[in-house]
Amino acid sequence: TTAPTLAAVLAGTMLLAGCEFATSNADRIERAEEAIAAGDMSAAVVDLKNVLQDEADNSRARLLLAKAELSLGDVGAASVDFGRVDAKQVKPEEYEPVRWQLKLAERDFKAVVDALATPRPGLADSQRLTLLARAHGGLGDAEAAQRALEEAVERDPANDEALAMLALSRAAAGSGAQSLQMLNDALKQRPDSGTLHRAVGEVNVRLNRLGDAETSFRRALELSSPKGDLSGYLYAAGGLSDTLLAQGKVDEAAKVVERLSKDAPNSGLTLLIAGRVAAAQRNYPLALENLQKLLNADPDNVQVRTLVGGVNLEQG
């Protein structure tokens, strides 16, 4: 009775394999582009690596792979793949954004400031100014960062990244209510922007509106995906867990940790959140286990060392 069933399964498997085998590399690249546009970077990586097995010198596939890897937080792999791209074989407007986003991820802030202080081919001015602001921020020049952000938003009011960063900068300077209004006005136009919802959550935390912050971070998490924008997903999860802990909702924060442990088990932020939640649950051995993993990778991390000190103090 099993032989016909097994034969049917094998036939179906061979048919599917045959369909994939017949897929051209051009089709795979197109499919990867669609996956990137849809936020499914993991699916894009699979297709692009298959292309590069056949065509190792395909610069377009290599560039798209670097872009997807960078979105997934794999800076090392993105750097290697980007280094193998022939810039002459790809469009500047596709090459330049990845180039400078990678520089920021590698914390080479001065290189970004030096290169993007003036208009550059391949980068829209609002995009250039946003990257420049992030670099100024990395160098600790808050005033220069804010000037760049104001100009970026002026040139493109729909630049959510620049708008969110500008709102947070103004909120930090004491203009929380005005920042919140600016973000909420933008959300009326783009209600599904996870970037804006995350920023609203953070501003609400500054204003001590924890219930509103929780709502915003939950919505941001709904709109994020670990397969697409991993950093945005982790940012939303981190904001939500912090807000829940601040309200004493430890069990709900533990649910966020459970979700992160499935979606991003190797993330430093996952370990940090897990350590904080375990400490809140008074599971001090588990808290120290998670925090110690972070210290093994970054022994000079003051925030983590402070948490470890607090946990040890609680244990006497």
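Interatomic distance, CG of N312 versus CG of L307, reported as 11.0 Å (0.5 Å rounding). Between atom CG of residue N204 and atom CG of residue D212 there is a gap of 5.0 Å, rounded to the nearest 0.5 Å. Atom CG of L52 and atom CZ of R84 lie 7.5 Å apart (nearest 0.5 Å). For the atom pair Y284 OH and L313 CG, the distance stands at 9.5 Å (nearest 0.5 Å). S216 contributes atom OG, which lies 8.0 Å from atom CG of L180 (distance to the nearest 0.5 angstrom). Taking CG from N58 and CZ from R28, the interatomic distance works out to 12.0 Å, rounded to the nearest 0.5 Å.
Among residues at least two apart or in separate chains, there is no salt bridge (Lys or Arg N to Asp or Glu O under 4.0 Å) pair with a member in residues 297-316. Sorted by first and then second residue, the salt bridge (Lys or Arg N to Asp or Glu O under 4.0 Å) pairs involving residues 95-119 (not counting sequence neighbours) are E96-R99, E96-R120, K103-D108, K110-D114. Residues in residues 265-285 take part in these salt bridge (Lys or Arg N to Asp or Glu O under 4.0 Å) pairs, two or more places apart or across chains: D242-R276.
At least one side-chain heavy atom of V257 sits under 4.5 Å from a side-chain heavy atom of S261. The side-chain heavy atoms of V80 and E69, taken from C-beta on, include no pair separated by under 4.5 Å. No side-chain heavy atom of D57 sits under 4.5 Å from any side-chain heavy atom of D86. Looking at heavy atoms from C-beta onward, S179 lies out of side-chain contact with R206 at the 4.5 angstrom threshold. No side-chain heavy atom of I273 sits under 4.5 Å from any side-chain heavy atom of N290. Between L131 and L123 there is a side-chain heavy-atom pair separated by less than 4.5 Å. Put simply, the side chain of R147 reaches to within 4.5 Å of the side chain of E143, judged on heavy atoms.
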Determine, stepwise, if the pair V112 / R134 fulfils side chain to side chain contact (heavy atoms under 4.5 Å, CB included).
CA-CA 9 Å; V112 179; R134 290 175 59 192; over 6 Å; no

Pair E222, R219 - check salt bridge (Lys or Arg N to Asp or Glu O under 4.0 Å), show working.
CA-CA 5 Å; E222 288 175 4; R219 180 59 180 149; 2.9 Å; yes

K188 and D185: CA distance, side-chain angles, deciding distance, side chain to side chain contact (heavy atoms under 4.5 Å, CB included) verdict:
CA-CA 5 Å; K188 292 176 183 177; D185 287 344; 3.8 Å; yes

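In this structure, L286 shares a hydrophobic cluster with no other residue, the cluster being traced through Ile, Leu, Val, Met, Phe, Trp and Tyr side chains under 4.5 angstrom apart. Under the 4.5 angstrom side-chain criterion for Ile, Leu, Val, Met, Phe, Trp and Tyr, V302 has no cluster partners at all. Under a 4.5 Å side-chain heavy-atom criterion applied to ILVMFWY residues, the cluster that includes V75 comprises L63, L70, F82, V85, V90, Y95, V98, L102 as well.
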Acceptor/donor pairs from residues 245-252 side chains to any protein atom, 3.5 angstrom cut, sequence neighbours excluded:
{"unit_1": "Q247", "atom_1": "NE2", "unit_2": "E214", "atom_2": "OE1", "d": "2.9"}
{"unit_1": "Q247", "atom_1": "NE2", "unit_2": "T243", "atom_2": "O", "d": "3.2"}
{"unit_1": "K249", "atom_1": "NZ", "unit_2": "E214", "atom_2": "OE1", "d": "2.9"}
{"unit_1": "E252", "atom_1": "OE1", "unit_2": "R218", "atom_2": "NH2", "d": "2.6"}

Which pairs of donor and acceptor atoms, one on a side chain in residues 157-170, lie under 3.5 Å apart (sequence neighbours left out)?
{"unit_1": "N159", "atom_1": "OD1", "unit_2": "E161", "atom_2": "N", "d": "3.4"}
{"unit_1": "N159", "atom_1": "OD1", "unit_2": "A162", "atom_2": "N", "d": "3.0"}
{"unit_1": "N159", "atom_1": "ND2", "unit_2": "S126", "atom_2": "OG", "d": "2.8"}
{"unit_1": "N159", "atom_1": "ND2", "unit_2": "T130", "atom_2": "OG1", "d": "3.0"}
{"unit_1": "D160", "atom_1": "OD1", "unit_2": "R190", "atom_2": "NE", "d": "2.7"}
{"unit_1": "D160", "atom_1": "OD1", "unit_2": "R190", "atom_2": "NH2", "d": "2.8"}
{"unit_1": "D160", "atom_1": "OD2", "unit_2": "R190", "atom_2": "NE", "d": "3.3"}
{"unit_1": "D160", "atom_1": "OD2", "unit_2": "S193", "atom_2": "OG", "d": "2.9"}
{"unit_1": "S169", "atom_1": "OG", "unit_2": "Q146", "atom_2": "OE1", "d": "2.6"}

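Of the residues V308, L271, N301, L269, the one that meets the side chain to side chain contact (heavy atoms under 4.5 Å, CB included) test with L294 is L271.
Residues forming a ring pair (Phe, Tyr, Trp, His ring centres under 6.0 Å) with F109 (at least two apart in sequence, or on another chain): none. By the side-chain hydrogen bond (donor to acceptor under 3.5 Å, both in side chains) test, S231 pairs with D229, sequence neighbours left out. The ring pair (Phe, Tyr, Trp, His ring centres under 6.0 Å) check on Y233 picks up nothing, with sequence neighbours excluded. With sequence neighbours left out, Q292 forms a side chain to side chain contact (heavy atoms under 4.5 Å, CB included) with L295, N296.
Of all the heavy atoms in S241 and A253, the pair that sits closest is O-CB, 4.2 Å. The two residues A264 and L234 have their closest heavy-atom pair at CB-CD2, 4.1 Å. Considering all non-hydrogen atoms of both residues, A287 and A279 come closest at CB-N, 3.7 Å. Considering every non-hydrogen atom in both A145 and G137, the closest pair reads CB-N, 4.0 Å. Closest heavy-atom contact between A56 and R62: O-NH2, 2.8 Å. Considering all non-hydrogen atoms of both residues, R198 and A220 come closest at CG-CB, 3.4 Å.
Grouping the Ile, Leu, Val, Met, Phe, Trp and Tyr side chains by contacts below 4.5 angstrom, directly or via other members, places V153 with L196. Under the 4.5 Å side-chain contact rule for hydrophobic residues, V200 and L221 do not share a cluster. The hydrophobic clustering, which links ILVMFWY residues whose side-chain heavy atoms are closer than 4.5 Å, places L149 and V203 together. M182 and L187 end up in the same hydrophobic cluster when Ile, Leu, Val, Met, Phe, Trp and Tyr side chains are linked at under 4.5 Å. Put simply, L104 and W100 are part of the same group of oily side chains (I, L, V, M, F, W, Y) that touch within less than 4.5 Å, one to the next.
Environment of CD in E55: crowded, with over 12 heavy atoms of neighbouring residues, nucleotides or ligands closer than 6.0 Å.
The closest donor-acceptor contact from the side chain of S79 to the backbone of G76 lies at 3.5 Å or more, if one exists at all.
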